[in-house]
Amino acid sequence: MNITELIDVKANPNIPTLTPGDTVKISTKVIEGDKERIQVFQGVVIKIRRSSDGGSFTVRRVSHGIGVERTFLFQSPLVDKVAVVQHGKVRRAKLYYLRGRSGKAARIKEKRADKEQNQEGS
């Protein structure tokens with residue numbers, strides 16, 4: 001028996017297609033007591049896990065010198081919206097090597113979009 005037969009997986013329409021290396025800004029709903037607010041988490045996508053239950057993606061950022069990683073589900077209703085700030089140029093599927101780097105060594109180059117536009121226009 002497959003898990004997709006048991007549960008109905010609905011993708012969150014507020015999440016665009018992501019790739020590792022993308023810098024994203026995620027707005028999540030936080031419930032504190034009886035109040036609800038939106039909290040923003042911005043960082044680099046270091047891992048994408050796709051599976052039959054919908055999958056997840058992990059985002060890493062450095063806050064006050066400490067690395068913070070957070071995993072979000074693709075079908076989670078608590079994810080309000082995801083905005084891609086920049087597309088990163090990487091050659092790996094999992095960017096775990098960023099955990100051991102800091103400062104300039106942890107930067108990821110930006111994927112250039114003008115090459116794609118020039119090829120489409122020709």
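In this chain, residues are counted from 1 in sequence order.
Put simply, NZ on Lys111 and NZ on Lys89 are 9.5 Å apart, with the number rounded to the nearest 0.5 Å. For the atom pair CG of Asp80 and CG of Asn14, the computed distance is 6.5 Å after rounding to the nearest 0.5 Å. Here Arg70 contributes atom CZ and Ser56 contributes atom OG; the two are 13.0 Å apart, rounded to the nearest 0.5 Å. With values rounded to the nearest 0.5 angstrom, Ile46 atom CD1 is found 14.5 Å from Arg92 atom CZ. Here Gln42 contributes atom CD and Ser27 contributes atom OG; the two are 10.0 Å apart, rounded to the nearest 0.5 Å.
Applying the salt bridge (Lys or Arg N to Asp or Glu O under 4.0 Å) test to every pair with at least one member in residues 26-44, sequence neighbours left out, gives these pairs: Glu32-Arg37.
The backbone N or O of Ser76 lies less than 3.5 Å from a partner atom in the side chain of Asn12, making a donor-acceptor pair.
Apart from Phe72 itself, the hydrophobic cluster it occupies contains Ile15, Leu18, Val24, Ile26, Phe41, Val45, Ile48, Phe57, Val59, Val68, Phe74, Val79, Val82, Val84, where clustering links Ile, Leu, Val, Met, Phe, Trp and Tyr at side-chain heavy-atom distances under 4.5 Å.
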Using the rule given for salt bridge (charged side-chain N to carboxylate O under 4.0 Å, His left out), can you reason through Arg99 versus Glu69, listing the C-alpha separation, both sets of side-chain angles and the distance that settles it, and then say yes or no? CA-CA 10 Å; Arg99 293 173 177 163; Glu69 292 182 8; 2.8 Å; yes
Could you walk me through whether Tyr97 and Leu95 satisfy the side-chain contact (heavy atoms from CB on, under 4.5 Å) test, starting with their C-alpha distance in whole Å, then the side-chain angles of each, then the deciding distance to 0.1 Å, before giving a yes or no? CA-CA 5 Å; Tyr97 66 89; Leu95 305 180; 3.7 Å; yes
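Side-chain atoms of Thr71 and Thr58 form a donor-acceptor pair, as typed in the model, at a separation below 3.5 Å. If you check the side chains of Ser51 and Arg49, you find a donor sitting under 3.5 Å from an acceptor.
Counting non-hydrogen atoms of other residues, nucleotides and ligands closer than 6.0 Å to NZ of Lys25 gives a total of 12 or fewer.
Summarising the geometry of Pro20 relative to Ala93, their closest heavy-atom pair is CG-O, 3.2 Å, with the distance given to 0.1 Å.
Under the side chain to side chain donor-acceptor pair (under 3.5 Å) criterion, Thr23 pairs with no residue, sequence neighbours left out.
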